[in-house]
Structures are given as C-alpha cells and as structure tokens.
Amino acid sequence: LGDADGAAEALSAALRQRPEEARLHHSLGKAHYLRGRRQEAAAAHAAALALDPSSAYAHNDLGNVLSDLPGREAEAHHHYAEAVRLAPQLAEARSNLGTALKGLGRHAEAAASYSAAIRLKPHLCEAHKNLGAALTELGRPRDAVASFATALDINPQFWPALYDLLDGQQFLCDWRGREARLRELERHLDEWHSRGRLGAGPTERLHAGLAPFHTLVWPVSDKTRRRVAL
C-alpha cells in the first residue's frame, strides 16, 4: 500500500457496501498499521477474525499490532500461536511467535520457534538475528555470534545484526574481522546522519538499533560517539 491513507479511505468505503467481507477488514487493518494507527488496526483485524477465525495471516498481523501496544504481549502471543497452529509452514508467524516468547522470558521456547522458522525459510535474516539474541539469554554466546554472522551474510545491510555481532565478539574476546566491521558501522552511521536520522530523538535512535553505551566500549571515533549520544 503506497498511499496508506488513501487505501484506508477506499477500504472503509468498500466495507460500507460489503461489511461481511473478512478480506476487506484484514486489508484495512494493514492500512491502519502502516498509518501508525495501532488501535484501529487491531479493531480491523479483530473484525476480520470474527468473520473468518481460520485466517492465519489475520492472526499473525493482529499479533504484530498487539506486540506494539503496551500490556498486550500475552494477546500477541496467543494470536501468533494461532497463526502457527493454522499454518505450520508460515515461517514469519513462527519467527514472530519466537519474539513473543522471548518477550515473555521463555527463551528456550523462543529459540526453538526461531529455529523452526529458519528451517522453513533459511534466508529469514531477522529470525537468525533474533535466534542469536535468544541464545545469548540462554548462555550460549558462541552459537549466538554464529547466528548474528549468518544474518549479516544474508543481508549485509541488516545493521542490528552487526551491532549484536560486535557485542557478542567483544564478550568472547574474538577480534576476527572486528576492525572492518567497525569501519562499516561508522560508514553506516555517516550515511544515517547525512539523512538527518540520528539526533532526532529516542525513537530514531531506537530505529537505528544502536544505543550510546555501545560506542563507549567499542574503539570508534569521538565523532561517532557524539552522533549516537545526541
């Protein structure tokens, strides 16, 4: 949906004519999500599921919405689990279920869910990265580093995996490839800064995936430290 506002308006008009069509409610939920209207998105997906409870995609998308809403983590987990039950081959749902389990502190189950997603879709780089995070919590830093490295092999521009890989290698005192990765990190931050993305507040820094404490323990330039801290 290139124009989420226009799509939401068109879908709302269509629903006034065909309110019984679950697919339209589901599409409206996705449009609201793209608009940042989480409550409306949740309501639209819930309406889709009231009409068609067997839609794994609607369960998965409702889980995505609920996971963004404070205090709705258990509900998000329920809908991801339903999506997996209804469509066991849906790798994204298994990966999302892993994230919900990890958020609930169930790291071993999260790792199993991420691993299942990877078996279904080996190039799902976020699942590899998140598997690494779960393995870190389980006290398996070497396996975690391997997962972060795999995520970067799949998508060299997936910066959160680079941050986690640098952290994991530092914990293990494994310096292989570190200098090249740090230079790549600084190049990325230069590009990010040139687009006006850093220094725009906590939300932008969170989106960048990099916190100020990272640069305090990495041998990066003072310029990089200032950019991340601002």
Side-chain angles (χ1 to χ4, degrees), residues 1-104 106 109-110 113-114 116-127 129-130 155 157-158 160 195-197 200-209:
L1 297 174
D3 176 9
D5 290 329
E9 184 176 343
L11 288 163
S12 295
L15 278 166
R16 286 193 287 272
Q17 301 297 320
R18 304 193 301 279
E20 75 290 345
E21 195 163 333
R23 179 182 59 84
L24 291 175
H25 288 282
H26 184 196
S27 296
L28 179 60
K30 292 192 284 188
H32 282 318
Y33 186 80
L34 290 174
R35 299 170 71 209
R37 308 285 288 271
R38 300 297 193 257
Q39 297 292 350
E40 289 95 329
H45 288 314
L49 287 169
L51 292 164
D52 180 12
S54 66
S55 172
Y57 288 96
H59 278 290
N60 185 61
D61 288 341
L62 180 52
N64 289 339
V65 176
L66 294 172
S67 66
D68 286 347
L69 297 174
R72 309 289 294 274
E73 295 86 359
E75 293 174 77
H77 168 265
H78 164 75
H79 287 287
Y80 289 139
E82 277 297 289
V84 168
R85 184 183 68 82
L86 292 163
Q89 301 305 307
L90 186 57
E92 289 78 6
R94 288 191 178 273
S95 182
N96 290 335
L97 176 59
T99 300
L101 288 164
K102 182 172 172 290
L104 295 170
R106 295 159 62 178
E109 293 171 83
S113 194
Y114 291 132
I118 290 164
R119 285 193 295 273
L120 291 166
K121 188 176 284 191
H123 285 82
L124 196 60
C125 64
E126 288 195 13
K129 186 266 185 195
N130 291 331
N155 180 4
Q157 305 299 309
F158 188 34
R195 295 196 300 267
R197 301 302 294 276
T203 300
E204 289 293 356
R205 287 202 299 272
L206 178 64
H207 184 68

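One is the number of the first residue; the rest follow in order along the sequence. Every value quoted in this text rests on a predicted model; they were computed, and no experiment measured them.
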I'd like to know whether Gln39 forms a side chain to side chain contact (heavy atoms under 4.5 Å, CB included) with Leu69, so could you lay out the CA-CA distance, the side-chain angles of the two residues, the decisive distance to 0.1 Å, and finally the verdict.
CA-CA 8 Å; Gln39 297 292 350; Leu69 297 174; 3.9 Å; yes
Before giving the answer on side chain to side chain contact (heavy atoms under 4.5 Å, CB included), spell out for Leu124 and Ser95 the whole-Å C-alpha distance, their side-chain angles and the decisive distance to 0.1 Å.
CA-CA 9 Å; Leu124 196 60; Ser95 182; 3.9 Å; yes
Side chain to side chain contact (heavy atoms under 4.5 Å, CB included) between Tyr80 and Leu101: does it pass, once the steps are laid out?
CA-CA 10 Å; Tyr80 289 139; Leu101 288 164; over 6 Å; no
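Counting heavy-atom neighbours within 6.0 Å of Tyr57 OH, excluding the residue itself, gives a total of 12 or less.
With hydrogens and angles ignored, the 3.5 Å screen pairs a side-chain donor or acceptor of Ser67 with a backbone N or O of Asn64. Counting only distance, with no hydrogens or angles, the side chain of Asn96 and the backbone of Glu92 share a donor-acceptor pair below 3.5 Å.
Looking at every heavy atom in both residues, Ala8 comes nearest to Leu28 through O-CD1, 3.6 Å. Here the closest non-hydrogen pair linking Ala81 and Leu97 is N-CD1, 4.0 Å. Closest non-hydrogen pair, Leu120 versus Ala91, comes out as CB-CB, 3.9 Å. When all heavy atoms of Ala42 and Leu66 are compared, the closest pair comes out as CB-CD2, 4.5 Å. Here the closest heavy-atom approach between residue Arg94 and residue Pro88 is recorded as NE-O, 2.9 Å. Minimum interatomic distance between Val65 and Arg38 (heavy atoms only, all atoms of both residues): CG1-O, 3.2 Å.
Atom OH of residue Tyr33 and atom CG of residue Asp61 lie 9.0 Å apart, to the nearest 0.5 angstrom. If you take CD on Glu73 and CD on Glu75, they are separated by 9.5 Å, rounding to the nearest 0.5 Å. For the atom pair NE2 of His59 and CD of Glu82, the computed distance is 5.0 Å after rounding to the nearest 0.5 Å. Between the OG atom of Ser12 and the CD atom of Gln17 there is a distance of 12.5 Å, given to the nearest 0.5 Å. Between Arg23 atom CZ and Arg18 atom CZ the span is 7.0 Å, to the nearest 0.5 Å. Taking CD of Glu9 as the start and CG of Asp3 as the end, the distance is 9.0 Å to the nearest 0.5 Å.
Listed by chain and residue number, His45 satisfy the ring-ring contact (aromatic ring centres under 6.0 Å, His included) test with His26 (two or more places apart in sequence, or in another chain).
At a threshold of 4.5 Å between non-hydrogen side-chain atoms, the residues Arg106 and His77 count as touching.
At a threshold of 4.0 Å, the pair Lys129-Glu126 does not count as salt-bridged, since none of the basic side-chain nitrogens sits closer than that to a carboxylate oxygen.
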